[in-house]
Novice: 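Sharing a structure with you now.
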Number of protein chains: 2
Amino acid sequence: MIDYSQGIENGGVRVVRLSSVYRKLEEGSKRLTPQRELVIRIFSEHPGEHLSAEEVHQLVKKKFQDIGLATVYRSLELLTHLEILTRINFDDGRARYEFNQEETHRHHHLVCVRCGRVEEYGEDLLDTLETRIFKERGFTVLDHELKFYGICHACAAKRGTDKGEKI
Amino acid sequence: MIDYSQGIENGGVRVVRLSSVYRKLEEGSKRLTPQRELVIRIFSEHPGEHLSAEEVHQLVKKKFQDIGLATVYRSLELLTHLEILTRINFDDGRARYEFNQEETHRHHHLVCVRCGRVEEYGEDLLDTLETRIFKERGFTVLDHELKFYGICHACAAKRGTDKGEKI
DNA sequence: TTACGTGCAAAGGTTTTGCACTAGC
DNA sequence: GCTAGTGCAAAACCTTTGCACGTAA
């Protein structure tokens, strides 16, 4: 099974504003527990990765302390609700999460079907299209999700020397 | 739970080329069994809908004959592999399927977050973007998936008279 | 103090799999 | 007749939930 957790640094800013995270927790009248803090820390220490609940669970246990898997699930749900995390689905049978990058910009995903790495692509060129959709259909776009599936640069380069590989 | 199976007729052509379906089965050296034929028939009789395995199973049993759920799952997998069906994920906890519309054009989905209806939007304006991605990143796009989440025309209209509704 | 959060185990829901039986080709 | 396909039940997974206990504010 391809591992969709991997990310690729794209040279963009990866600063996590923890103060804003804490503010959001406060605004939602949610307590900052050690468990929630550790979940957030895992994401801040794994920039560009798209982690599943199980992966977060393992990382917290390995790096810090034991924690219940159910707690991880509940934390992820809460943090997504507070728009601190974003939930993404790469159709690999489990939900994955990343920091919500609203402060920087909305980005898309380039999923390599050969190695499974997920690059991020920062350009959001859909405004024109969203305007068109509203004019033509009366559909007000609130959000969008765009994934490109294909062959990444590294795999394309490797392909030249790697004859035995099947698509 | 919102029902994402519903579709909206968009005035487009919905002709299902069954001959092409059978040809694809033959090319893949796959047998045309009654069960597979029935699964295909369900999709051809439910144009514009995005059916889950369980829904297909119920429809086949209701309209035609008893069939095993595992067989439905295996048929959906096969038909997707043969590019007769396309698998879509609306994050409602189960995979959904629709006829692969490669012969007409690639389309996107407009998902209404209020009523759950899924419209299709025929314009594929991503060619420019895909070219850019290749030039900038060396990533060869093979396929893409674009979903817009928002409020459909009907819900927006209803909103005016329906004060008590929350988000 | 007290409502909220955690951990554990059990349950829930979807999808896959093993195996004996059946049926296209 | 062979090989591929089906049906059933069990298993595998991911995720949610009930409940008793713990703890942040």
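Values below: all heavy atoms of this structure, side chains included; hydrogens, waters and symmetry mates excluded. Since the structure is predicted, the reported quantities are computational estimates derived from the model, not experimental observations. Within every chain, numbering begins at 1; the chains are lettered A, B, ... in the order of the sequence lines, protein sequences first and strands thereafter.
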Novice: Ignoring backbone atoms, test whether Y73(A) places a side-chain nitrogen or oxygen under 4.0 Å from the OP1 or OP2 oxygen of dT15(D).
Specialist: yes
Novice: Looking only at atom types and distance, does a side-chain atom of N89(A) sit under 3.5 Å from a main-chain N or O of D91(B), one as donor and one as acceptor?
Specialist: no
Novice: So F43(A) and L79(A), do their side chains get closer than 4.5 Å, heavy atoms only?
Specialist: no
Novice: Should T71(A) be listed as having a side-chain N or O under 4.0 Å from OP1 or OP2 of dG7(C)?
Specialist: yes
Novice: Which whole-number value in Å describes the distance from D92(A) CG to dT15(D) C1'?
Specialist: 14 Å
Novice: Which listed nucleotide (dT15(C), dC19(D), dT17(C)) is nearest to the side chain of L69(B)?
Specialist: dT15(C)
Novice: Test your reading of the model: is there a side-chain donor-acceptor pair from E45(A) to the backbone of I42(A), 3.5 Å cut-off?
Specialist: no
Novice: Side chains of E130(B) and H144(B) only: does a donor on one sit below 3.5 Å from an acceptor on the other?
Specialist: yes
Novice: Look at the side chain of R31(A) against the base of dA25(D) and say whether a donor-acceptor pair falls under 3.5 Å; ignore hydrogens and angles.
Specialist: no
Novice: Examine dT23(D): is either OP1 or OP2 under 4.0 Å from a nitrogen or oxygen in the side chain of T33(A)? Give yes or no.
Specialist: no
Novice: Is the phosphate of dT14(C) approached by R94(B) (side-chain N or O, under 4.0 Å from OP1 or OP2)?
Specialist: yes
Novice: What is the distance, rounded to the nearest whole Å, between atom CG of L78(B) and atom P of dT16(C)?
Specialist: 13 Å
Novice: If I take atom CZ in residue R96(A) and atom C1' in nucleotide dT15(D), what distance separates them, rounded to the nearest angstrom?
Specialist: 15 Å
Novice: By the 4.0 Å heavy-atom rule, please label R74(A) as base, sugar-phosphate, or nothing.
Specialist: base
Novice: Mapping R36(A) and E77(B) to their closest nucleotides on DNA chain C, which lands nearer the 5' end?
Specialist: R36(A)
Novice: H81(B) has an atom NE2; how far is it from atom P of dG5(D), in whole Å?
Specialist: 13 Å
Novice: Phosphate oxygens OP1/OP2 of dG7(C): is one of them under 4.0 Å from a side-chain N or O of Q35(A)?
Specialist: yes
Novice: Once you round it to whole Å, what is the distance between C1' of dG22(D) and CD of Q65(A)?
Specialist: 14 Å
Novice: Given E55(B), which partner from the list H46(B), H50(B), R96(B), R94(B) fulfils the side chain to side chain donor-acceptor pair (under 3.5 Å) test?
Specialist: R96(B)
Novice: In whole angstroms, how far is the C1' atom of dT15(C) from the CG atom of N89(B)?
Specialist: 13 Å
Novice: To the nearest Å, give me how far apart CG (L76(B)) and C1' (dT17(C)) are.
Specialist: 17 Å
Novice: When the distance from CD of E54(B) to P of dT16(C) is rounded to whole Å, what number comes out?
Specialist: 14 Å
